[in-house]
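Read the numbers this way: they start at 1 and go in the same order the structure lists the ligands and their atoms.
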Amino acid sequence: MVNAVRGTKDILPEEIPLWYFVEKTLRQVSSLFGFKEIRTPIFEKTEVFLRSIGAETDIVNKEMYTFFDRGGDSITLRPEMTAPVVRAVIQNNLLAYDSLLRLWYYGPLFRYERPQKGRLRQFHQYGAELIGSSEPEADAEIILLAKEIVERLGIAEYKLLLNSIGNKASRQQYKQQLILYFEKYADCLSNESRERLKKNPLRILDSKDERDLEIIKNCPKIYDYFDKESIEHYNRTKELLALNNINFQETPLLVRGLDYYTHTVFEFQSPLLGAQDSFGGGGRYNELFSEFGFKKEVPAIGFAFGIERILLILESQHSISYEESPYTYIAYNKPEFLPRVYELARLLRKNNIPTLFDMQKKSLKAQMKDANKYGVKFVIIIGDDEMKNNTITIKDMEKSLQNTYTSEKGIETILNSYLPNEDN
Ligand code: AMP
C-alpha cells in the first residue's frame, strides 16, 4: 500500500460541505469589501521567495520545497502567497490601471514543517492584500475584512492580537538594543534563540521556551524606539479600529515570522486550537515592492487565514454544513429498460434535477435500499408494468407514498416540487 506523503491530507467527500461553506463565505465577504480574486501558479522561481521573505527566516532556511526542474532552474512550491501576488502585480502592471488594488487569493501552500495537529506540509490559505495605500485607513480596512470573515464563519472564541513594529528606521534601532540586551544573557538563551540573536533578533520575541520567556520579560520595549511616523501610524490605526468597535489585545511582543513587515502586525488566535493556536495573521509590508526592484515604493498591507485551522475550530464547535442529497433515483428491474432510464435521467438533469441510477446490476430491492441510503426525495420505479404502459411509478421517500403516473405527468410532478438549494 502506498500512502500519502507525511503532512499531507486527503479531503474526503464528507468534509467537503464544510469547505464549501468556508469558501463561499470567503468569496462573499471579499466582494462585500470590493476585493477581487487573483490566481497565481503553485510554483515560482525560488528567487521570488528569497528576495521577499528574508534569507534568515524559518521558511527560507528550513521549510521550502525547492528543486531544480529539468531545465536546471531553481523552483519552489509556494510557501506563502504575498510574494507571488506582488510578483504578479508588478509583472502584469496592475498598478497602472488602479493605484489601489484590493486582491484576494485562495489555494494550497507547501512548507516542510514538523507535522502535528493543525500543522501540515500542504495546507490552504485564504488571504487578502490591499496594495497602494500607506494610510492607517488601509490597515483598518484589512482588519475589518478579516474580522467580518471570522464573524460570518461563526468562530465563537478568538482574540485579535495587535502590534506595530514601526518603520524600518525605528526597527533598526530597536534591533540594535535587542542585540545588546540579549547578548548579556546569551549563555542562558535556548539554542534556537542564540542562533536568532545572530541572524534575526526580533524573532527571539516569538520564542515559547520557558528560559527565553524569563529573559524576554524584561527586554527593551519596541514602542520606546518609535519615531514620530511610527507612533502616529500606530495610534491612528488603533483609533480607527476603536471607531469600528473592533476589540483587540495590544501585544508588544508580537513580531511575526517574515522579514518584510513594517508598522502594523496582527494575529488571530483561538483557544479551541491547542498548541498551534494561530489561525491567521498579517501585517503591513511597505518595502516589499522595492525588494522586488520595483521602481517606486508601494505601501501595502495584507493577511492570511489558515483554512485547515479554521475547519478545526468549526469542527470543535460542531458546526456542520450539509450538502444537498441527490433528488431522484431511478430504479429499474431489467437491463433492457436502460434506454428508458437514460431518457428520464437526461430530461431530469436537463432541468437541473440531481438524478442517480444503478450501474452494478443490482436487484430492485437493493436499488431501493441504495436510494434510501442516499437520502433522495423521490424514487422513480420502472418495472414491467411501467414499461408496458409507458408510465412511471414515483415513490415519495419522505411520505412513503407511491403513485403511478403517465410519464409526462410524473416528470411534471417532480419538476414542480423541486426547490433548488440557493446556496449551491
Ligand atoms: P503565516 O503565513 O505563517 O503567517 O500563517 C498564516 C496562517 O496560516 C496561520 O495562522 C495558520 O493558520 C496557517 N498555517 C501556517 N502554517 C501552516 C501549516 N504548516 N499547516 C497548517 N496551517 C498553517
Side-chain angles (χ1 to χ4, degrees), residues 4-11 15 19 22-23 26 40 44 48-49 52-54 56-65 76-86 104-129 142-143 145-147 149-150 153 155 157-163 165 200 202-203 205-206 208 251 254-262 264-285 288 300-316:
V5 175
R6 191 164 122 83
T8 69
K9 202 170 141 315
D10 299 310
I11 303 162
E15 302 168 70
W19 281 79
V22 171
E23 289 163 2
L26 297 169
T40 63
E44 295 275 348
V48 167
F49 304 108
S52 54
I53 302 176
E56 297 308 337
T57 56
D58 284 351
I59 292 188
V60 167
N61 267 333
K62 300 188 266 190
E63 296 171 3
M64 294 210 305
Y65 280 91
T76 295
L77 301 184
R78 61 186 187 195
E80 63 104 46
M81 278 287 281
T82 301
V85 167
V86 168
W104 68 272
Y105 59 80
Y106 176 84
L109 304 183
F110 307 86
R111 291 184 196 169
Y112 192 81
E113 294 195 85
R114 195 169 46 78
Q116 63 181 88
K117 187 177 166 215
R119 203 204 270 151
L120 294 154
R121 289 179 174 173
Q122 177 179 329
F123 61 102
H124 296 73
Q125 275 187 355
Y126 159 91
E129 313 289 355
I142 209 86
I143 293 174
L145 166 63
K147 159 99 179 192
I149 290 172
V150 174
L153 289 171
I155 295 178
E157 283 181 65
Y158 73 93
K159 50 185 186 196
L160 165 61
L161 311 184
L162 182 77
N163 190 24
I165 52 174
N200 195 350
L202 230 59
R203 287 297 311 283
L205 306 181
D206 261 355
K208 304 251 173 348
T251 313
L254 182 70
V255 287
R256 299 190 44 77
L258 314 181
D259 265 7
Y260 54 59
Y261 287 121
T262 43
T264 309
V265 288
F266 59 98
E267 196 161 298
F268 286 90
Q269 292 183 351
S270 174
L272 300 170
L273 280 172
Q276 301 298 319
D277 62 354
S278 154
F279 63 93
R284 184 166 268 291
Y285 50 94
L288 190 51
I301 181 161
F303 72 92
F305 282 133
I307 305 300
E308 281 80 357
R309 296 210 189 149
I310 284 180
L311 290 166
L312 281 174
I313 297 175
L314 295 182
E315 281 158 14
S316 77

> What residue and heavy atom of the protein are closest to atom 5 (O) of ligand 1, and at what distance?
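Going atom by atom, the protein heavy atom closest to atom 5 (O) of ligand 1 ends up being Gln125 NE2, 3.4 Å.
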> Okay, side chain of Arg78, backbone of Thr40: is any donor-acceptor separation there less than 3.5 Å?
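A pair under 3.5 Å: yes.
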> Glu308 and Trp19: which non-hydrogen atoms are nearest, and at how many Å?
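Taking Glu308 first and Trp19 second, the nearest heavy atoms are OE2-CH2, 3.6 Å.
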> Under 4.0 Å from a heavy atom of Phe279: which atoms of ligand 1 are those, numbered in the order shown and with their elements?
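Answer, ordered by atom number: 10 (O), 12 (O).
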> Of all the non-hydrogen atoms in the protein, which one sits nearest to atom 20 (N) of ligand 1, and at what distance?
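The protein heavy atom lying closest is Leu120 N, 2.8 Å.
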> Of the listed options (Arg111, Met81, Arg256), which comes nearest to atom 3 (O) of ligand 1 when hydrogens are ignored and any heavy atom counts?
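It is Arg111 that holds the nearest heavy atom.
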> Identify all side-chain donor-acceptor contacts of residues 113-120 below 3.5 Å with residues at least two apart in sequence or on another chain.
residue : atom : partner : partner atom : Å
Gln116  : OE1  : Arg119  : NH1          : 3.2
Arg119  : NH1  : Arg114  : O            : 2.7

> For ligand 1, which atoms sit closer than 4.0 Å to a heavy atom of Gly306?
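By the 4.0 Å cutoff, the relevant atoms are 7 (C), 8 (O), 12 (O), 13 (C).
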> Around atom OH of Tyr112, are there more than 12 heavy atoms of other residues, nucleotides or ligands at under 6.0 Å?
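No, because the 6.0 Å sphere around OH of Tyr112 holds 12 heavy atoms or fewer from other groups.
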> Do Arg284 side-chain atoms and Thr264 backbone N/O form a donor-acceptor pair below 3.5 Å?
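Checked: no pair found.
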> Identify the protein heavy atom lying closest to atom 11 (C) of ligand 1, giving its residue, its atom name and the separation to 0.1 Å.
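Protein heavy atom at minimum distance: Arg309 NH1, 3.4 Å.
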> Drop me the distance from Ile155's CD1 to Ile149's CD1, to the nearest 0.5 angstrom.
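Spacing of CD1 (Ile155) from CD1 (Ile149) equals 9.5 Å.
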> Identify, for atom 21 (C) of ligand 1, the protein heavy atom at the shortest distance, and state residue, atom and that distance.
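That would be Gly118 O, 3.2 Å.
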> Between the candidates Phe268, Phe123, Phe303, which shows the shortest non-hydrogen contact distance to atom 23 (C) of ligand 1?
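Minimum heavy-atom distance to atom 23 (C) of ligand 1 goes to Phe123.
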> Specify the protein heavy atom at minimum distance from atom 19 (N) of ligand 1: its residue, its atom name, and the distance to 0.1 Å.
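Closest protein heavy atom to atom 19 (N) of ligand 1: Glu113 OE2, 2.6 Å.
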> Could you check whether any heavy atom of Glu308 sits closer than 4.0 Å to an atom of ligand 1, since that is the contact criterion I want to use?
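Distance cut 4.0 Å: Glu308 fails for ligand 1.
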> If we ignore hydrogens and angles and just use 3.5 Å, is the side chain of Ser270 paired with the main-chain N or O of Glu157 as donor and acceptor?
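Confirmed, Ser270 side chain pairs with Glu157 backbone.
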> Under the salt bridge (charged side-chain N to carboxylate O under 4.0 Å, His left out) definition, can you give me all pairs with a residue in residues 267-278, not counting sequence neighbours?
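Counting only pairs at least two positions apart or across chains, the salt bridge (charged side-chain N to carboxylate O under 4.0 Å, His left out) contacts touching residues 267-278 are Arg256-Glu267.
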> Any N or O of Glu80 that comes nearer than 3.5 Å to an N or O of ligand 1?
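Such a contact does not occur with ligand 1.
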